[in-house]
Amino acid sequence: MSGFDKDEFYIKVMSLYPLAKENNYVLKLDEEQVRELKEIYINLYIPIENLGHYDDEKLMKKLMTAIVSICTLDKDAMNNRGDIIHLVNSVNYDGRNLYLRFSKISAVKLRRLEIGKSQKQVADLMGYNVSAVRNCEEYYCDLSRQPDTLVTKLAKALECDIETLMN
């Protein structure tokens, strides 16, 4: 959903990713966190004159739909047609807590998406082929087994330190 691209709602959900990663990609938001996320959603997407049309259940369904709709189109993936990358695979709500199941995204790909560069742009900055970047972005890629020069150039192209990419 293009409307979510890098707005406050997108940034808030994206900021939860590191904590979810520590918890096997599942995150439980308590009532206060749900209230905060709901407030951001309402402020951005529901005109004040329409707010009265939503009871809490209907509002939570819209919020949950919005969370799983957050995605980005990676135009470099698979024959340049683009690959849709979802941040959250599923959302459940038990009346108090919101449970988010995040996608597994490598630190390299996540960093590239954060800075808004394509695989080709990163590869060009590195002096490597796109396939090298694509391989480093695979979730199972162990950068500690890659040549030091590749990892150093990758970190520089992604405007971060090597440790950021190793996590």
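Within the 4.5 Å cutoff, the side chain of Lys28 has no heavy atoms near those of the Leu98 side chain. Contact annotation: the side chain of Arg101 never approaches that of Val91 to less than 4.5 Å [non-hydrogen atoms, C-beta and beyond]. Residues Lys38 and Met60 are in side-chain contact: their nearest non-hydrogen atoms beyond the backbone lie under 4.5 Å apart. Side-chain contact between Cys136 and Leu143 is present, with heavy atoms from C-beta onward closer than 4.5 Å. Side-chain contact between Cys71 and Ile85: absent, with no pair of heavy atoms (C-beta onward) separated by less than 4.5 Å. In this structure the side chain of Asp94 reaches within 4.5 angstrom of the side chain of Asn97, judged on heavy atoms.
At least one donor-acceptor pair closer than 3.5 Å links the side chain of Asn43 to the backbone N or O of Glu39. The main-chain N or O of Asn135 is never found under 3.5 Å from a side-chain atom of Glu138 such that the two would form a donor-acceptor pair. Asp7 places a side-chain N or O within donor-acceptor distance of the main-chain N or O of Tyr10, the cut-off being under 3.5 Å. With hydrogens and angles ignored, the 3.5 Å screen pairs no side-chain donor or acceptor of Thr152 with any backbone N or O of Thr149.
The CG atom of Leu158 lies 10.0 Å from the CD atom of Glu114; values are rounded to the nearest 0.5 Å. Cys141 contributes atom SG, which lies 12.5 Å from atom NZ of Lys109 (distance to the nearest 0.5 angstrom). Here Leu59 contributes atom CG and Leu63 contributes atom CG; the two are 6.5 Å apart, rounded to the nearest 0.5 Å. Taking NE2 of His86 as the reference point, atom CZ of Phe102 lies at 14.0 Å (rounded to 0.5 Å). In this structure, CG in Leu29 is found 4.5 Å from CG in Leu100, a value given to the nearest 0.5 Å. Rounding to the nearest 0.5 Å gives a distance of 11.0 Å between CG of Leu154 and CZ of Arg111.
At a threshold of 4.5 Å between side-chain heavy atoms, the hydrophobic network of Ile, Leu, Val, Met, Phe, Trp and Tyr places Leu19 and Tyr99 in two separate groups. Follow the hydrophobic side-chain contacts under 4.5 Å out from Tyr17 and you reach Val34 in the same cluster. Under the 4.5 Å side-chain heavy-atom criterion for grouping Ile, Leu, Val, Met, Phe, Trp and Tyr, Val26 is not connected to Tyr93 through any hydrophobic cluster. Neither Val130 nor Leu125 shares a network with the other; the hydrophobic side chains, linked directly or stepwise wherever heavy atoms of I, L, V, M, F, W or Y lie under 4.5 Å apart, form separate groups for each. Ile42 and Ile40 fall within the same hydrophobic cluster, defined by Ile, Leu, Val, Met, Phe, Trp and Tyr side-chain heavy atoms under 4.5 Å apart, directly or through other members.
Classification of Arg134 and Glu137 as a salt-bridged pair fails, no side-chain N sitting under 4.0 Å from a carboxylate O. Between Asp30 and Arg96 there is no salt bridge, since no side-chain N of the basic residue sits under 4.0 Å from a carboxylate O of the acidic one. The existence of a salt bridge linking Glu159 and Lys117 is confirmed by a sub-4.0 Å separation between a basic side-chain nitrogen and an acidic carboxylate oxygen. Salt-bridge formation is not detected for the pair Lys58/Asp55: no Lys NZ or Arg NE/NH1/NH2 atom is positioned less than 4.0 Å from an Asp or Glu carboxylate oxygen.
Taking the six-membered ring for Trp, Phe9 and Tyr41 have ring centres closer than 6.0 Å.
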Test side chain to side chain contact (heavy atoms under 4.5 Å, CB included) applied to Asn89 and Val68, step by step: CA-CA 6 Å; Asn89 288 331; Val68 296; over 6 Å; no

In sequence, state the C-alpha distance, the side-chain angles, and the governing distance for Lys61 and Glu57, and then conclude on salt bridge (Lys or Arg N to Asp or Glu O under 4.0 Å). CA-CA 6 Å; Lys61 284 182 182 179; Glu57 184 179 337; 3.6 Å; yes

Run the side-chain hydrogen bond (donor to acceptor under 3.5 Å, both in side chains) test on Ser144 and Asp142 for me, step by step, so that the C-alpha distance in whole Å, both residues' side-chain angles and the decisive distance to 0.1 Å come before the verdict. CA-CA 5 Å; Ser144 67; Asp142 183 357; 2.5 Å; yes

Report the C-alpha separation of Tyr128 and Leu150 in whole Å, then their side-chain angles, then the decisive distance to 0.1 Å, and conclude whether the side chain to side chain contact (heavy atoms under 4.5 Å, CB included) test is met. CA-CA 8 Å; Tyr128 280 76; Leu150 181 141; 3.5 Å; yes

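Residues Ala107 and Thr164 come closest through the heavy atom pair CB-O, 3.6 Å.
Residue Asp148 places its CG atom among 12 or fewer non-hydrogen atoms of other residues, nucleotides or ligands, all under 6.0 Å distant. Within a 6.0 Å sphere centred on CD of Glu49, other residues, nucleotides and ligands contribute more than 12 heavy atoms. Summarising the local packing, NZ of Lys21 is surrounded by more than 12 heavy atoms from other residues, nucleotides or ligands at distances under 6.0 Å. Within 6.0 Å of CG on Leu51 lie more than 12 heavy atoms contributed by other residues, nucleotides or ligands.
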